[in-house]
Each structure stands twice: as C-alpha cells, then as structure tokens.
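Heads up: the structure comes next, in structure tokens.
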Amino acid sequence: MRWNNYETYIEIVPPKEFSFDECLIYLNRSDLEVLHRIKGDAIYKVIHGVLCSVIWANHCIKVEFLIENPTIIQREKVAQYIWEWFDLAQNLEAFYQLAIQDAVLQPLVEKYYGLRVVGVPDLFEALVWAISGQQINLTFAYTLKKRLIEQFGECVLFEEESFWQFPKVEKIAVLCVEDLKQLQFTTRKAEYIIHIAQEIMNGKLSKEQLLKMQNAEKALTEIRGIGAWTANYVMMRCLHQRTAFPITDVGLHNALKELLNLESKPTINEIEAYAVNWQGWQAYATFYLWRSLYGEKI
DNA sequence: GTCCAGGTAGTTT
DNA sequence: AAACTACATGGA
C-alpha cells in the first residue's frame with residue numbers, strides 16, 4: 001500500500017489503470033445509498049468512525065478529515081480501507097490483455113478503463129447486503145439497507161447533515177427476528193442475518209479466517225442463508241478474489257442480454273461458454289458487465 | 001393485476 | 001444429482 005501522510009489529509013497513491021471517476025459512477029448508482037454521499041466530485045463517508053471527504057487530486061486519492069484530527073493509527077486504517085474499497089492491490093494489466101481479445105469484454109474495458117471492483121471491506125456489511133438483495137429488486141434492497149442502517153447504525157453529524165455508519169455486529173447479534181421483520185425483511189432473511197452476526201461474534205466466522213482459506217466458498221455456503229451466489233458475491237467484493245463468479249446473478253444475465261442484443265437472458269451453459277476466456281478474472285468481467293447496466297448503452 | 005427481482009432451503013423425483 | 005416449490009414483498 002502506497003500512501004502519504006500530511007497535516008489535515010492523507011493521499012493514497014493508486015496503481016496504474018485506475019479511474020476514480022469510473023468508481024464514482026458506480027458509487028453514485030442509488031439515491032437510497034446512505035453509507036456515503038456524493039457531492040460534485042467528492043465522496044463523503046465515515047470510515048472507521050472518521051468522517052472523510054474523498055476526492056481525486058494530483059493523481060492521488062486525497063482523503064481529508066472533516067471533524068477530528070485522527071491519530072496515525074487511525075490514518076493508516078483509513079488508508080487501508082480506501083485501498084480495499086477501490087481494490088487497489090490488483091494489477092489489472094493481465095485482465096486488460098485478456099479482455100481486449102474477448103468479444104464480450106473488449107468494448108467494456110475500452111469504455112470503463114480504470115474501473116475496479118468497488119469493495120465492501122467489512123465482512124458483516126458485505127454479507128448483510130448480499131442477503132438483503134437475494135431475490136428482490138435492487139431498489140427494494142437499498143430501501144431495506146437504509147432502514148437497517150437508520151434503525152441500528154450510528155451517525156456522525158456534520159454541518160446539520162447525518163453521515164451513517166453500518167450497524168455494529170454486536171448490535172444485530174442480539175436482535176430477534178421480529179425486529180428485522182418490522183423493517184420488511186422476510187423471516188428467513190432476518191434469521192440468516194442475526195445468525196451470521198452471532199457467528200461473527202463468537203469467532204466462528206471472520207474475514208481473516210476466510211482470507212487464509214483455500215476454499216472460502218465452501219466455508220461460506222455451509223452457513224445457512226449463504227448459497228453459491230452470496231458466497232461468490234462476498235468473495236468478489238470483500239475477499240478481493242479475482243476468480244469469484246456469481247454466475248447465477250440476474251444483473252449479470254441482464255447485462256449480457258443487453259450488451260449482446262440477445263432475445264432472452266442467456267442460460268448458465270451459455271454464460272460458461274462466454275466465460276471460458278475470462279479465467280482468473282471472472283470477478284472483473286462480472287463487475288464490468290454490471291457497470292454496463294447504468295449509463296448509456298454501449 | 002401481472003411479472004419478476006443482484007436466491008436459498010427444503011422436498012421430491 | 002437434478003428438478004421442483006415455498007418463501008414474501010416491492011417495483012415497474
């Protein structure tokens with residue numbers, strides 16, 4: 001991780017092939033998002049309890065601290081968060097080499113050059129978001145997430161505005177199913193989420209363990225409520241695995257249908273055929289396809 | 001009113 | 001192992 005420390009801000013030095021603007025477009029996709037706020041070119045977000053503004057300046061990601069003056073330890077944690085948030089540890093050269101020879105990916109990498117898998121560094125947040133989004137439309141998923149955060153999260157006030165943080169695991173672990181059902185979570189999702197919070201609390205589930213594992217997918221899918229889609233979604237956005245591939249994802253199917261002008265959504269077999277050339281970079285292929293779902297048609 | 005949505009668990013062939 | 005079904009509720 002490359003970063004510089006200054007009096008009132010830090011700078012993260014990204015690798016080659018990084019477009020802050022492309023990541024910004026992804027982050028701007030829903031008006032119901034409350035974990036960050038975008039104003040002009042700046043992202044406002046509470047990171048590890050510190051309210052920050054994040055902008056692109058001097059070929060770096062500049063992170064200014066808006067309230068307190070964080071310690072060096074906090075600054076390093078914020079830098080680490082940004083590093084994961086924009087998946088900056090990844091060298092995209094190999095992906096682009098593969099993609100320019102692939103009929104599906106070629107137009108995408110040209111258009112969205114520098115886009116990275118925007119991460120969800122916190123495991124609990126990533127899991128809750130994935131479970132919330134199971135089998136419902138994205139707009140409603142965002143509504144559920146917003147309700148959960150505003151009910152159980154904490155917020156930082158700055159210039160008369162609220163900046164929310166995702167609820168702490170310990171707070172969700174002690175809830176009962178009814179508490180989440182009141183927010184319109186289904187019984188099943190309420191059960192899954194509370195159980196997962198408890199598993200994290202008792203140490204049976206952690207990001208550190210999953211990162212060390214050979215087969216994180218198996219460990220994840222052994223947990224009730226986590227199927228292949230959710231496991232791969234989390235492996236992609238939280239564990240930074242390039243080969244994670246939520247192949248049953250409806251968004252992926254719609255993106256392929258639109259991009260390739262198909263009559264109907266492709267079958268799993270058809271997607272596997274497209275993906276033979278994506279070996280090692282399935283997560284990036286998926287993310288670039290998702291990106292094509294908003295903004296003008298290619 | 002209809003169809004479908006960033007699926008999963010549980011049951012039945 | 002593969003196919004079917006209940007779940008649940010909002011958005012378009």
Side-chain angles (χ1 to χ4, degrees), chain A residues 25-33 35 87 108 112 115 117-120 122-148 150-151 166 177-197 199 205 216-239 241 244-259 262-272 274-275 278 282-295:
Chain A
I25 290 167
Y26 180 80
L27 289 170
N28 212 2
R29 83 208 126 123
S30 174
D31 295 332
L32 294 166
E33 177 61 70
L35 289 179
D87 202 28
L108 297 174
Y112 309 131
L115 174 67
V117 170
V118 175
V120 183
D122 180 73
L123 176 66
F124 181 56
E125 182 189 327
L127 281 165
V128 170
W129 173 234
I131 288 167
S132 302
Q134 289 171 359
Q135 184 57 21
I136 57 172
N137 63 69
L138 260 189
T139 309
F140 184 43
Y142 271 109
T143 301
L144 288 174
K145 172 171 146 176
K146 184 169 186 285
R147 287 180 188 156
L148 182 79
E150 291 179 349
Q151 176 90 52
F166 198 77
V177 170
E178 275 308 312
D179 295 326
L180 294 183
K181 282 188 76 171
Q182 282 178 5
L183 308 180
Q184 314 295 144
F185 283 86
T186 63
T187 308
R188 292 288 167 266
K189 287 181 183 178
E191 289 169 0
Y192 301 160
I193 288 169
I194 293 166
H195 175 241
I196 283 168
E199 292 288 281
L205 176 63
E217 180 172 359
K218 183 166 181 294
L220 283 166
T221 51
E222 278 170 0
I223 298 166
R224 187 155 179 268
I226 303 179
W229 177 84
T230 303
N232 278 274
Y233 185 94
V234 168
M235 288 155 64
M236 170 177 169
R237 297 200 64 194
C238 182
L239 305 182
Q241 293 190 7
F245 194 17
I247 193 167
T248 58
D249 182 81
V250 174
L252 174 70
H253 303 174
N254 286 331
L256 284 165
K257 175 172 175 282
E258 292 302 313
L259 183 68
L262 306 176
E263 291 281 323
S264 55
K265 284 183 286 190
T267 65
I268 298 299
N269 282 337
E270 288 165 345
I271 299 169
E272 280 171 348
Y274 296 127
W278 305 349
Q282 294 89 334
Y284 266 80
T286 301
F287 205 77
Y288 273 64
L289 280 159
W290 283 348
R291 171 65 182 81
S292 72
L293 288 170
Y294 21 91

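Here is how names work: the chains are called A, B, and so on, in the same order as the sequence lines, proteins then strands, and each is numbered from 1.
When atom types are taken as modelled, the side chain of H253(A) and the backbone of I247(A) share a donor-acceptor pair closer than 3.5 angstrom. Judged by distance alone, the side chain of E270(A) and the main-chain N or O of T267(A) form a donor-acceptor pair under 3.5 Å. In this structure, Q134(A) contributes its side chain and G225(A) its backbone to a donor-acceptor pair below 3.5 Å.
Judged as a side-chain hydrogen bond (donor to acceptor under 3.5 Å, both in side chains), and not counting sequence neighbours, the contacts of E150(A) are K146(A).
For Q135(A) and dC3(B), the CD to C1' distance is 12 Å, given to the nearest whole Å. Atom-to-atom, CG of L32(A) to P of dG10(C) comes out at 14 Å; the value is rounded to the nearest Å. Remark: P of dG10(C) and NZ of K146(A) are 16 Å apart, rounded to the nearest angstrom. Here the C1' atom of nucleotide dG11(C) and the CG atom of N137(A) are 5 Å apart, to the nearest Å. Distance, I247(A) CD1 to dG7(B) P: 14 Å, rounded to whole Å. Between I136(A) atom CD1 and dA12(C) atom C1' the separation is 15 Å, expressed in whole Å. Whole-Å rounding puts the I268(A) CD1 to dG7(B) P distance at 11 Å. To the nearest angstrom, P of dG10(C) lies 8 Å from CZ of R147(A).
Between Q184(A) and dG10(C) there is a side-chain N or O to OP1 or OP2 distance below 4.0 Å. Phosphate contact (OP1/OP2 of dA8(C), side-chain N/O of T187(A), threshold under 4.0 Å): present.
Within the 4.0 angstrom heavy-atom criterion, no nucleotide atom of any strand lies near R237(A). At a threshold of 4.0 angstrom between heavy atoms, the contacts of K181(A) with the nucleic acid are absent.
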Please encode protein proximity along nucleotides 8-13 of chain B as a string of B, S and -, counting only heavy-atom distances under 4.0 Å.
SSS---
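Ion pairing between a basic and an acidic side chain is recognised when a charged N comes within 4.0 Å of a carboxylate O; R224(A) and E191(A) show such pairing.
Ring-centre distance between Y142(A) and W129(A): below the 6.0 Å cut-off.
For F140(A), taking side-chain heavy atoms from C-beta onward, the closest of the listed nucleotides dG10(C), dA5(B), dA8(C) is dG10(C).
Distance noted for atom P between dT8(B) and dG11(C): 22 Å (whole Å).
Both the sub-6.0 Å distance and the 45° axial angle are satisfied by R29(A) relative to the ring of Y26(A).
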